[in-house]
Amino acid sequence: MARTVRSASMETRTARLRLPAERKHWQPIEEGLHVGYRRGPRGGSWYARRFKDGRYIEKGLGATDDSTDGDGVTVLDFRAAVTAARAWWKAESRRDQGLSDQKQGPYTVSDACDDYLAHYAKKGGRAEVATKSTIEVHIRPSLGAFELTKLTMRRVRDWHHGLATAPKRVRTSKIAQAQATREFDRDDRDAVRARRSTANRILTVLKAALNHAWHEGHAPDDDAWRPVKPFRQVDAAAVRYLTTDECRRLVNACPPALRNLVRGALMTGARYSELCRLVVRDINLDARSAAIRESKGGKPRHLALTDEGVALFRSLVVGRASNASVFLRDDGEPWKAAQATRPITEACRGASIAPAIGFHVLRHTYASTLAMNGVPMGVIAAQLGHADTRITEKHYAHLAPSYVADTIRANFPVLGINEETNVLHLQSVR
């Protein structure tokens with residue numbers, strides 16, 4: 001990762017004038033890379049040099065700003081010279097590897113996004129599809145055409161705030177002519193929180209792309225985006241989950257094929273996409289487990305099955321081909337992306353669950369049930385496929401039995417200050 005380079009002898013005009021003329025002075029900026037300064041009869045010049053094959057190779061970068069303000073192109077200040085040296089070094093390194101850089105013209109935010117996506121894919125990023133979608137939908141249309149060196153903090157901040165007030169995008173068919181949106185209630189604190197949380201996630205992707213471009217030498221600094229802060233206290237929404245009674249009502253309201261899928265989610269905590277990819281050979285009834293070969297986190301895992309889970313999967317896999325999908329629709333075809341959305345909504349209506357839930361709430365229900373029964377966060381994280389317990393604790397730690405709460409309830413005395421009443425609470429029938 002590139003670091004900010006400081007040089008007491010080269011960073012300012014005054015300091016450079018104290019250096020002896022007619023010779024080059026070098027400042028290391030990376031291992032094997034230096035930026036150089038020389039003041040001659042016609043003014044100062046910047047140079048770069050890199051160590052290769054036992055010797056230094058030099059490159060002229062441009063004139064210094066000793067007497068004229070830098071323009072970032074032909075007249076460079078120290079920071080611009082460092083950026084130019086790094087860009088030259090990168091181009092030379094690519095040439096050494098037999099690669100060519102066909103990029104012409106100014107380096108834009110869109111270029112930064114392209115380079116970041118390539119870097120993200122190369123390093124094995126866990127959310128490549130989601131990251132690309134975020135860039136294509138929210139970043140490239142609004143900021144993509146801006147030159148990186150001309151991007152301003154105000155522009156980035158206004159874009160970030162605009163995301164938080166923009167209408168929500170809603171799912172549309174692939175043949176729709178335009179992306180459908182839906183206004184949110186600006187007086188609803190949770191709706192506002194959710195929009196700000198979304199804006200923060202998109203800002204994180206933008207900053208990652210721009211930081212990568214900066215570290216690669218395409219920008220002299222990160223002043224345009226580093227000061228833009230995310231909205232605070234927007235990720236504290238309580239996770240919704242179903243009660244045991246609601247789970248039973250939902251399962252009973254589902255048609256047969258959807259019922260199996262919902263049961264699978266409630267008994268494993270697996271994501272919808274993971275359940276859709278399960279095939280018969282992934283189910284090991286002897287080991288009482290189900291193998292998730294491909295997951296959002298990129299790491300395979302094995303789901304432990306309870307007796308009830310084993311019974312469910314036995315009924316679904318016995319006597320079937322090893323490569324057959326475990327969960328099938330009523331027409332005998334495997335479930336695909338988003339195909340359970342409307343059926344779940346209709347089942348919620350039949351089960352009197354309002355507002356209707358999305359399929360992911362079934363995963364929350366599984367994890368919340370474990371947490372409320374005292375299962376350690378590390379065990380829940382492993383079953384859900386979380387990389388560590390941070391996400392697990394963020395969503396479910398408040399549901400776990402608490403030593404503090406248990407101690408208070410056990411030791412705080414009864415004050416006897418409640419008024420007597422003969423009103424009984426009747427559980428509503430939904």
Side-chain angles (χ1 to χ4, degrees), residues 238-280 282-285 287-292 295-297 301-318 325-330 334-377 379-386 391-392 395-396 398-400 430:
V239 170
R240 186 181 178 189
Y241 61 89
L242 301 181
T243 64
T244 302
D245 179 62
E246 287 175 324
C247 290
R248 294 192 182 109
R249 297 207 313 266
L250 177 63
V251 168
N252 291 335
C254 289
L258 180 64
R259 184 179 305 146
N260 288 334
L261 193 64
V262 169
R263 285 171 173 165
L266 289 171
M267 294 180 190
T268 64
R271 299 177 178 88
Y272 174 77
S273 60
E274 295 171 343
L275 293 171
C276 292
R277 286 193 291 265
L278 276 179
V279 294
V280 172
D282 294 330
I283 309 303
N284 189 328
L285 297 176
R288 300 158 58 87
S289 68
I292 301 298
S295 68
K296 179 180 177 181
R301 70 184 190 278
H302 289 80
L303 304 177
L305 300 178
T306 62
D307 292 341
E308 193 175 21
V310 171
L312 169 67
F313 282 100
R314 177 178 287 110
S315 69
L316 295 174
V317 305
V318 168
S325 295
V326 172
F327 295 100
L328 300 175
R329 298 180 315 191
D330 289 321
W335 290 90
K336 297 181 180 178
Q339 288 183 337
T341 302
R342 290 183 179 177
I344 280 287
T345 300
E346 294 172 1
C348 286
R349 189 180 300 114
S352 299
I353 297 175
I357 64 166
F359 197 91
H360 202 71
V361 172
L362 304 179
R363 177 173 165 88
H364 288 319
T365 299
Y366 177 85
S368 299
T369 302
L370 292 179
M372 288 185 288
N373 283 277
V375 176
M377 290 292 120
V379 174
I380 301 175
Q383 186 80 350
L384 296 181
H386 292 165
I391 294 297
T392 316
H395 290 312
Y396 310 112
H398 68 286
L399 299 173
R430 295 186 291 173

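Position 1 is the first residue of the sequence; numbering continues from there. All values below come from the heavy atoms of this structure, side chains included, with hydrogens, waters and symmetry mates left out.
- To the nearest 0.5 Å, the span separating OG1 on Thr365 from NE2 on His360 amounts to 10.5 Å.
- The side-chain heavy atoms of Asp330 and Pro255, taken from C-beta on, include a pair separated by under 4.5 Å.
- Two residues are said to be in side-chain contact when any heavy atoms from C-beta on lie closer than 4.5 Å; Phe327 and Val262 fail this criterion.
- For the pair Leu266/Val251, a side-chain contact is recorded, criterion being any heavy-atom separation below 4.5 Å from C-beta on.
- Under the 3.5 Å distance criterion, with hydrogens and angles disregarded, no donor-acceptor pair is assigned to the side chains of Tyr241 and Glu246.
- Evaluation of the side-chain hydrogen bond (donor to acceptor under 3.5 Å, both in side chains) test over residues 301-312, restricted to residues two or more places apart or in two chains, returns Glu274-Arg301, Arg288-Asp307.
- The side-chain heavy atoms of Phe313 and Met267, taken from C-beta on, include no pair separated by under 4.5 Å.
- Side-chain atoms of Arg363 come within 3.5 Å of backbone N or O of Leu384 as a donor-acceptor pair.
- Distance check: Arg240 CZ to Ile353 CD1 gives 7.5 Å after rounding to the nearest 0.5 Å.
- The side-chain heavy atoms of Ser325 and Leu278, taken from C-beta on, include no pair separated by under 4.5 Å.
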TODO: Start with the C-alpha gap between Val326 and Leu275, add the side-chain angles, then the distance that decides, and say whether side-chain contact (heavy atoms from CB on, under 4.5 Å) holds.
DONE: CA-CA 8 Å; Val326 172; Leu275 293 171; over 6 Å; no
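- Checking side-chain atoms of Gln383 against main-chain N and O of Ile380 turns up no donor-acceptor pair under 3.5 Å.
- In this structure, CD1 in Ile292 is found 6.5 Å from OG1 in Thr268, a value given to the nearest 0.5 Å.
- The backbone N or O of Trp335 lies less than 3.5 Å from no partner atom in the side chain of Arg329, so there is not a single donor-acceptor pair.
- Between Leu285 and Val317 the shortest side-chain heavy-atom distance falls below 4.5 Å.
- Side chain of Asp282 to main chain of Val279: a donor-acceptor pair is present (N/O by atom type, distance under 3.5 Å, no hydrogens or angles).
- Between His364 and Tyr396, the ring planes lie tilted relative to each other; the angle falls in the 30° to 60° range.
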Task: Audit row: Leu362, Leu250, side-chain contact (heavy atoms from CB on, under 4.5 Å) steps and yes/no - done: CA-CA 10 Å; Leu362 304 179; Leu250 177 63; 3.9 Å; yes
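- The closest side-chain heavy-atom distance from Leu261 to Phe359 is below 4.5 Å.
- Of the possible donor and acceptor atoms, none in the side chain of Ser352 sits under 3.5 Å from a partner among the backbone N and O of Cys348.
- You'll find the side chain of Arg263 reaches within 4.5 Å of the side chain of Asn260, heavy atoms only.
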Task: Audit row: Arg277, Tyr272, side-chain contact (heavy atoms from CB on, under 4.5 Å) steps and yes/no - done: CA-CA 9 Å; Arg277 286 193 291 265; Tyr272 174 77; over 6 Å; no
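- Taking every heavy atom of both residues into account, Ala347 and Leu258 meet most closely at CB-CD2, 4.4 Å.
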